[in-house]
Amino acid sequence: MTATTLPTPADLSITPRDRRFGRDAATPRLWHGGRVEATAIYNALSATFPIGEAYFVESVRKFREGAPPKLAEEIKGFTTQEAIHSREHDAFNKRAADAGYDLSKLEQRVSERLAITKDRPPIVNVAATMALEHFTAILAHQLLANPRHLEGAEAETADLWRWHAVEEIEHKGVAYDTWLYATRDWPRFKRWKVKAKVMLLVTRNFLVDRTAGSLELMRQDGVTGLKAWSLLLTYLWVRPGMFRKIAGAWLSYFLPAFHPWNVDDRHLLGAYAQIASGTEPKRKVRRAA
Ligand SMILES: [Fe+2]
Ligand SMILES: [Fe+2]
């Protein structure tokens, strides 16, 4: 399969938006509507981004050289967007620390998980990246499609999450297309097997680690035991039920004809164009790659 036959839209634009959030005022500790469990899961996700996204950038960038020009250009857009996301979530995590949370245990866990892949062939890192990028893309889709997820959240922090979601949708096919290009000589079944195996592993770790991370942050708010479990599981799986709502999209990853752009959800970006571009004067974004 060549880059020209991929389902990635020909007119797709991956536009890094160099936005800054929350620099002018402290973020309230329970910024998500005063809710311990809602704040905890978003904070737990944010704790993973600076380390995780740097890993995505490193994994995909290795395959840029020699890639078809369109893919090489998309990789450039992807790595630049992720570098800015890391910067903004790093700043957000510092504000969470200022509000009294200790994220160090959560960050350490991410580093430990990623260390496992360190000595594996570079293509394994691309497989892990594309699995996690599918996760971020379907979470982003759900976040933008259903305003309930950020209902009650502090305005600027909600904007940070929507801005991130917009760019995750824009670049959702890049790691996947990099994988398709890098494994173009592999037999179909081997491709599917590695992709599916890595996704299952990534999913297990994602669910276990984000749940543990959220419970740890809830513990820091004094909520523990059965009460913590029931608040968190209800929030994730019932109402608003983010994890339940992405289950179908998650499953589609295992279809032999799967591609992130089989679902063109760019209509979601339009509604948030203003948030995503901001009111700041456009500055030239230094390319990260
Ligand atoms: Fe990102
Ligand atoms: Fe991403």
Side-chain angles (χ1 to χ4, degrees), residues 1-17 52-86 117 120-141 164-203 246 249-269 287-289:
M1 186 182 276
T2 68
T4 48
T5 60
L6 292 169
T8 303
D11 61 343
L12 174 69
S13 142
I14 299 175
T15 315
R17 302 157 181 85
E53 294 186 317
Y55 166 81
F56 297 168
V57 167
E58 281 314 305
S59 303
V60 170
R61 190 150 52 185
K62 285 202 181 99
F63 290 87
R64 194 176 145 210
E65 216 175 284
K70 184 172 181 286
L71 179 58
E73 193 51 36
E74 285 170 3
I75 291 175
K76 212 159 131 186
F78 163 75
T79 54
T80 306
Q81 285 187 334
E82 295 294 34
I84 302 171
H85 299 170
S86 285
T117 63
R120 305 299 302 276
I123 194 65
V124 175
N125 294 326
V126 173
T129 299
M130 72 173 180
L132 284 160
E133 280 286 288
H134 183 55
F135 255 106
T136 55
I138 60 182
L139 287 167
H141 176 109
H164 194 164
V166 163
E167 296 199 344
E168 286 306 319
I169 289 179
E170 269 184 1
H171 72 226
K172 67 177 178 172
V174 177
Y176 205 86
D177 289 348
T178 304
W179 157 266
L180 288 180
Y181 182 72
T183 62
R184 62 195 180 282
D185 297 329
W186 288 23
R188 265 177 81 89
F189 182 66
K190 183 184 173 190
R191 257 180 168 179
W192 183 85
K193 201 174 75 178
V194 173
K195 183 185 108 161
K197 245 170 111 168
V198 171
M199 181 47 127
L200 289 174
L201 191 69
V202 159
T203 301
I246 64 168
W250 175 83
L251 208 54
S252 71
Y253 192 79
F254 297 91
L255 296 173
F258 170 81
H259 186 278
W261 284 110
N262 287 348
V263 175
D264 188 348
D265 46 4
R266 284 179 294 168
H267 63 280
L268 292 171
L269 312 189
R287 293 284 184 166

Decide ring pair (Phe, Tyr, Trp, His ring centres under 6.0 Å) for Tyr176 and Phe258; before the verdict, give the C-alpha distance in whole Å, the side-chain angles of both, and the deciding distance to 0.1 Å. CA-CA 10 Å; Tyr176 205 86; Phe258 170 81; 5.3 Å; yes
Side-chain contact, heavy-atom cut-off 4.5 Å: Lys195 with His134? no
Side chain to side chain donor-acceptor pair (under 3.5 Å) involving Ser86 - partner list, sequence neighbours excluded: none
Going by side-chain contact (heavy atoms from CB on, under 4.5 Å), name the residues that satisfy it together with Pro122, two or more places apart in sequence or in a different chain. Lys62, Phe63
Run the numbers on Asp265 and His267 for side-chain contact (heavy atoms from CB on, under 4.5 Å), then give the verdict. CA-CA 5 Å; Asp265 46 4; His267 63 280; 4.1 Å; yes
Check salt bridge (Lys or Arg N to Asp or Glu O under 4.0 Å) between Glu133 and all other residues, then give those that pass, not counting sequence neighbours. none
Leu251 side, atom CG; Ile246 side, atom CD1 - distance, nearest 0.5 Å: 11.5 Å
Across all chains, not counting sequence neighbours, the side chain to side chain donor-acceptor pair (under 3.5 Å) partners of Glu167 are Arg17, His85
Residue set satisfying ring-ring contact (aromatic ring centres under 6.0 Å, His included) with Trp192, at least two apart, ordered chain then number -> none
State, yes or no, whether a side-chain contact exists between Lys76 and Ile14 at a heavy-atom distance under 4.5 Å. no
Phe254: which residues meet the ring-ring contact (aromatic ring centres under 6.0 Å, His included) condition with it, sequence neighbours left out? Trp250
Set of residues satisfying side-chain contact (heavy atoms from CB on, under 4.5 Å) with respect to Thr117, sequence neighbours excluded: Tyr55, Asn125
Do the side chains of Glu168 and Glu82 get nearer than 4.5 Å, heavy atoms only? yes
Could you tell me whether the side chain of Arg64 and the main chain of Ile75 form a donor-acceptor pair under 3.5 Å? no
Are the side chains of Asp177 and Phe78 in contact, using a 4.5 Å heavy-atom criterion? no
For Glu74, check side chain to side chain donor-acceptor pair (under 3.5 Å) against everything at least two apart and list the hits. Lys70
Tell me, do Met130 and Tyr253 make a side-chain contact under 4.5 Å, heavy atoms counted? yes
In chain order, what residues pass the side-chain contact (heavy atoms from CB on, under 4.5 Å) check against Asp11, with sequence neighbours excluded? Pro9, Arg266
Distance check, rounded to the nearest 0.5 Å: Ile169 atom CD1 versus Ile138 atom CD1? 11.0 Å
By side-chain contact (heavy atoms from CB on, under 4.5 Å), Ala137 pairs with (sequence neighbours left out) Lys172
Can you tell me if Thr79 and Arg61 form a side-chain donor-acceptor pair at under 3.5 Å? no
